[in-house]
S.K.: 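If you scroll down you'll find the structure; I have some questions about it.
To find a chain, count down the sequence lines: A is the first, B the second, and so on, and within it residues start at 1.
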There are 2 protein chains.
Amino acid sequence: MNEALDLETTANILKLLGDKTRLTMIKIMSEHECCVCEFVDLFEMSQPAISQHLRKLKDGGIVNEARRGQWVFYSLNPSSSHYTFIQTVIKDLPSQNFKLENLTAQGKRICCD
Amino acid sequence: MNEALDLETTANILKLLGDKTRLTMIKIMSEHECCVCEFVDLFEMSQPAISQHLRKLKDGGIVNEARRGQWVFYSLNPSSSHYTFIQTVIKDLPSQNFKLENLTAQGKRICCD
DNA sequence: TAATCACATAAGCATATACTTATTTACTTC
DNA sequence: GAAGTAAATAAGTATATGCTTATGTGATTA
């Protein structure tokens with residue numbers, strides 16, 4: 001049932017989560033797939049800064065990226081060996097759906113349908 | 001039932017846990033109270049380095065300190081608003097009891113009884 | 001009260017981190 | 001294929017982090 005969690009890799013995952021921006025990203029991705037430019041709008045942060053955070057998460061194996069058209073969408077990687085651990089950590093954090101709803105209201109939401 | 005976890009303070013707690021030394025300390029303290037010199041032996045690290053890690057944990061409110069005689073013992077703070085959260089995070093990490101048993105075998109365990 | 005042990009704090013240093021601006025790459029559309 | 005949009009990468013910078021050595025502080029013991 002329990003993954004074999006070793007201290008070092010767990011500490012590294014926790015370090016990835018231990019940044020407000022990345023933790024918020026992860027909470028958002030646990031609810032919705034999101035593309036880079038949406039994060040840029042959500043965090044009012046430069047595009048490279050967002051890209052660099054996402055790269056760390058990708059290098060840690062905890063998110064997937066998927067290009068669709070011009071956009072690259074990021075989502076939590078359910079195949080990650082730390083997926084359930086991360087779900088446990090973030091499950092009681094406040095939903096960030098309202099942020100995406102704000103984006104939608106501003107017409108800034110990206111949909112590829 | 002759920003604490004109101006806000007993203008920023010949670011990220012700060014996760015940052016505290018996101019260091020191998022501190023995460024191991026926390027796992028140890030979840031099983032046993034421990035004094036500074038025991039940590040020094042366990043981690044083969046300088047005494048100031050250990051003290052500084054413990055200070056961060058204390059500043060974060062997640063450990064208690066208690067002086068008994070010459071020694072200062074540290075333990076997880078069950079009154080911390082993040083206590084249950086931390087328990088959840090560390091519960092599947094491998095027990096570090098063997099380390100304390102090694103200390104005992106070497107006669108380096110501190111007991112104040 | 002002098003010496004010793006346990007721990008904390010101060011100060012310095014090397015590396016890590018999180019950003020910035022500038023540029024490059026990938027894709028779409030005209 | 002030229003122009004425009006989205007994202008990644010490169011390079012630079014300021015601050016944070018985790019250690020070190022040196023010193024200060026508090027309790028114990030002779």
S.K.: Rounding to an integer number of Å, can you tell me how far B:Phe73 CZ sits from C:dC5 C1'?
M.R.: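 Atom-to-atom, B:Phe73 to C:dC5, this comes out as 14 Å.
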S.K.: In whole angstrom, give the distance that lies between atom CZ of A:Phe39 and atom P of D:dA6.
M.R.: 16 Å
S.K.: What's the shortest heavy-atom distance between B:Leu54 and B:Val63, and which atoms?
M.R.: O-CG2, 4.2 Å
S.K.: Contact class for A:Tyr74 vs. all strands (heavy atom < 4.0 Å): base, sugar-phosphate, or nothing?
M.R.: sugar-phosphate
S.K.: D:dT20 P sits how many Å from B:Phe43 CZ, rounded?
M.R.: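 Rounded to whole Å, this separation is 14 Å.
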S.K.: A:Lys56 near the nucleic acid: base, sugar-phosphate alone, or nothing, with a heavy-atom cut-off under 4.0 Å?
M.R.: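 Sugar-phosphate: the residue A:Lys56, judged by heavy atoms under 4.0 Å, touches backbone atoms but no base.
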S.K.: Let me know the distance between CG of A:Asp19 and P of D:dT17, rounded to the nearest Å.
M.R.: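 The answer, rounded to whole Å, is 11 Å.
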S.K.: Could you check how far NE2 of A:His53 sits from C1' of D:dA8, rounded to whole Å?
M.R.: 15 Å
S.K.: Is there a salt bridge (Lys or Arg N to Asp or Glu O under 4.0 Å) between A:Glu38 and A:Lys108? Walk through the geometry before answering.
M.R.: CA-CA 7 Å; A:Glu38 289 173 321; A:Lys108 290 182 173 175; over 6 Å; no
S.K.: Below 4.0 angstrom from OP1 or OP2 of D:dG26, is there any side-chain N or O of B:Arg67?
M.R.: no
S.K.: Would one find a side-chain N or O of A:Arg22 under 4.0 angstrom from OP1 or OP2 of C:dA18?
M.R.: yes
S.K.: Quick check against the 3.5 Å criterion: does A:Ser30 have a side-chain atom that pairs as donor or acceptor with the backbone of A:Lys27?
M.R.: yes
S.K.: Ignoring backbone atoms, test whether B:Ser46 places a side-chain nitrogen or oxygen under 4.0 Å from the OP1 or OP2 oxygen of D:dT20.
M.R.: yes
S.K.: Per the atom types in the model, does the base of C:dA26 pair as donor or acceptor with the side chain of A:Gln70 at under 3.5 Å?
M.R.: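 Per atom types, no contact qualifies.
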S.K.: Whole-Å distance between C:dA8 C1' and B:Gln47 CD?
M.R.: 7 Å
S.K.: I need the CG-P distance between B:Leu54 and D:dC19, as an integer number of Å.
M.R.: 12 Å
S.K.: Assuming nearest nucleotide by heavy-atom distance, tell me which of B:Glu65 and A:Met45 is located more 5' along DNA chain C.
M.R.: B:Glu65
S.K.: Is any side-chain nitrogen or oxygen of A:Lys15 closer than 4.0 Å to OP1 or OP2 of C:dA16?
M.R.: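 Answer is no, no contact under 4.0 Å.
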S.K.: With distance as the sole criterion, do the side chain of B:Gln52 and the base of D:dT20 form a donor-acceptor contact below 3.5 Å?
M.R.: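 Answer is yes: a donor-acceptor pair is held.
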S.K.: Please give, in whole Å, the distance from C:dC5 C1' to B:Ile110 CD1?
M.R.: 11 Å
S.K.: Does the side-chain hydrogen bond (donor to acceptor under 3.5 Å, both in side chains) test come out yes or no for A:Ser95 and A:Glu31, once each step is laid out?
M.R.: CA-CA 8 Å; A:Ser95 168; A:Glu31 302 178 296; 2.7 Å; yes
